[in-house]
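In what follows, every heavy atom counts, from backbone to side chain, and hydrogens, waters and symmetry copies are set aside. Positions are given from 1 along the sequence. Both counts, for ligands and for their atoms, begin at 1 and track the order of listing.
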Amino acid sequence: MEVTIKPDAETATHLTAKLIANQVRENPELVLGLATGRTMEGVYAELARMHTEDGLDFSGVKTFNLDEYAGLPASDPCSYRYYMNEHLFSRINIDLANTHLPDGTASDIIAECARYEEAIASCGGIDLQLLGIGASGHIGFNEPLSSLHSRTREQVLAPETIEQNSPLFPSPEQMPSRGITMGVATILESKNAVLLAIGRGKAEILAKAVEGPVTSMISASALQFHESCRIIVDEEAAAQLAGREHYRRMFDNPAL
Ligand code: F6R
């Protein structure tokens with residue numbers, strides 16, 4: 001694991017976008033794993049800017065999102081498909097046929113989850129997986145007790161996740177209680193991973209995930225097993241990392 005602490009949310013967000021852009025430039029056929037949520041909005045805005053102003057080319061890129069709400073169609077403004085179209089896909093030159101999310105409306109959820117795993121495998125696996133961390137310690141919708149061997153499947157959302165995301169729905173009771181998510185093992189198989197966490201609200205759970213024991217109760221802690229995982233945080237999110245001064249010395253790279 002590598003922990004990079006940036007002074008504020010904007011520089012942490014821009015560094016994350018820059019790492020993605022570098023990978024897209026190096027490999028125009030990159031298979032990119034994506035996340036949704038408030039944290040990612042700035043990353044996608046910056047990638048869209050790089051596309052418009054610097055010609056960053058997404059025409060050969062394939063994407064796989066981590067998760068989707070069960071029961072929400074793509075046309076629902078609260079669905080993650082809608083979010084992705086809105087924040088990124090409609091703003092860059094990606095072929096929509098190359099963008100993948102689990103289908104939250106599938107009648108056979110088990111078959112849909114197997115199909116999603118196969119689709120990832122048939123693209124050769126995920127080259128770079130973008131991640132956020134939720135209040136429950138989840139990555140994707142891998143809620144407490146998610147097996148570290150888990151694959152794409154349906155999950156009942158944790159109370160912390162309902163509390164975190166229900167304000168984004170027209171009324172809190174409209175938030176689905178289940179989601180479809182890549183599993184922890186699916187995420188660990190990505191060749192590279194980048195987790196972005198910003199703001200003081202993430203400080204406690206981030207410290208548990210990075211410095212605490214690996215536990216299925218905090219699925220982000222499984223990233224300690226990832227071969228190549230970079231954690232990018234602002235000062236506020238880094239505030240409870242016991243080793244933050246050491247990480248600064250180890251990973252401070254003035255070029256970034
Ligand atoms: C969503 C996802 C989640 C979010 C996490 C943080 O696709 O993967 O793990 O990254 O819930 O959400 P925000 O950024 O809204 O705090």
Side-chain angles (χ1 to χ4, degrees), residues 9-10 12-13 16-17 20 32-46 63-70 72 74 76 78-89 99-104 116 120 126 128-144 146 150 152-169 172 175-184 186-188 190 193-206 208-210 216-223 226 229-234 236-237:
E10 190 182 0
T13 301
T16 306
I20 296 169
L32 185 56
L34 296 173
T36 57
R38 301 166 182 91
T39 312
M40 298 306 153
E41 290 178 12
V43 176
Y44 297 146
E46 181 61 6
T63 66
F64 286 90
N65 267 78
L66 286 162
D67 46 11
E68 178 59 282
Y69 287 111
L72 292 195
D76 189 313
C78 293
S79 72
Y80 284 166
R81 164 54 83 176
Y82 194 98
Y83 170 107
M84 289 310 306
N85 289 346
E86 193 76 1
H87 288 283
L88 187 64
F89 300 152
T99 67
H100 307 270
L101 285 91
D103 178 0
Y116 204 63
I120 293 170
I126 290 170
L128 175 64
Q129 177 66 58
L130 179 61
L131 298 163
I133 182 170
S136 69
H138 70 203
I139 43 177
F141 275 146
N142 289 288
E143 302 293 19
S146 288
S150 54
T152 302
R153 71 211 183 289
E154 191 174 29
Q155 273 280 277
V156 174
L157 303 179
E160 297 95 324
T161 303
I162 308 267
E163 196 184 328
Q164 174 190 298
N165 288 359
S166 58
L168 302 173
F169 285 76
M175 177 173 165
S177 58
R178 291 168 179 261
I180 299 176
T181 182
M182 279 186 206
V184 177
T186 321
I187 293 168
L188 291 182
S190 57
V194 177
L195 183 146
L196 173 65
I198 51 183
R200 74 189 65 223
K202 298 289 163 86
E204 186 180 350
I205 195 67
L206 184 90
K208 285 183 180 161
V210 172
S216 66
M217 295 306 289
I218 299 173
S219 63
S221 69
L223 294 171
H226 198 287
C229 180
R230 183 135 181 207
I231 310 284
I232 299 176
V233 287
D234 65 353
E236 288 189 358

Going through the distances and angles, do Thr181 and Arg153 end up as a side chain to side chain contact (heavy atoms under 4.5 Å, CB included)?
-> CA-CA 6 Å; Thr181 182; Arg153 71 211 183 289; 3.8 Å; yes

Could you please spell out the steps behind the side chain to side chain contact (heavy atoms under 4.5 Å, CB included) verdict for Leu168 and Arg38?
-> CA-CA 10 Å; Leu168 302 173; Arg38 301 166 182 91; 3.6 Å; yes

Test log, rule side chain to side chain contact (heavy atoms under 4.5 Å, CB included), inputs Ser221 and Lys208 | CA-CA 7 Å; Ser221 69; Lys208 285 183 180 161; over 6 Å; no

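Relative orientation of the His87 and Tyr83 rings is tilted, given thresholds of 30° and 60° on the angle between their planes. The aromatic rings of Tyr116 and Phe64 lie perpendicular to each other, with more than 60° between the two planes, well past the 30° mark.
Within ligand 1, counting atoms from 1 as listed, the ones closer than 4.0 Å to a heavy atom of Asp67 are 1 (C), 2 (C), 7 (O), 8 (O). Per-residue contacts place Gly37 under 4.0 angstrom from the following atoms of ligand 1 (heavy atoms of the residue considered): 14 (O), 15 (O). For ligand 1 and Ile133, the ligand atoms under 4.0 Å from any heavy atom of the residue are 5 (C), 6 (C). Set against the non-hydrogen atoms of Leu66, the atoms of ligand 1 under 4.0 Å away are 8 (O).
The two atoms that bring Leu72 and Pro176 nearest to each other are CG-CG, 3.8 Å, heavy atoms only.
Partner of Met182 under the side chain to side chain contact (heavy atoms under 4.5 Å, CB included) criterion, out of Leu66, Ile139, Asp67: Leu66 alone.
Considering backbone and side-chain N/O atoms, Gly140 comes within less than 3.5 Å of an N/O atom of ligand 1.
Summary of contacts: the protein heavy atom closest to atom 10 (O) of ligand 1 is Gly132 CA, 3.3 Å. With hydrogens left out, the protein atom closest to atom 15 (O) of ligand 1 is Arg38 N, 2.9 Å, a heavy atom. Scanning the protein for heavy atoms near atom 12 (O) of ligand 1, the closest one is Gln164 NE2, 3.4 Å. With respect to atom 16 (O) of ligand 1, the closest heavy atom belonging to the protein is Lys202 NZ, 2.6 Å. Thr36 O, 3.9 Å is the protein heavy atom nearest to atom 4 (C) of ligand 1. Atom 5 (C) of ligand 1 has as its closest protein heavy atom His138 NE2, 3.5 Å. Scanning all protein heavy atoms for the shortest distance to atom 14 (O) of ligand 1 gives Thr39 OG1, 2.4 Å.
Side-chain N/O atoms of Thr99 and Arg81 include a donor and acceptor closer than 3.5 Å.
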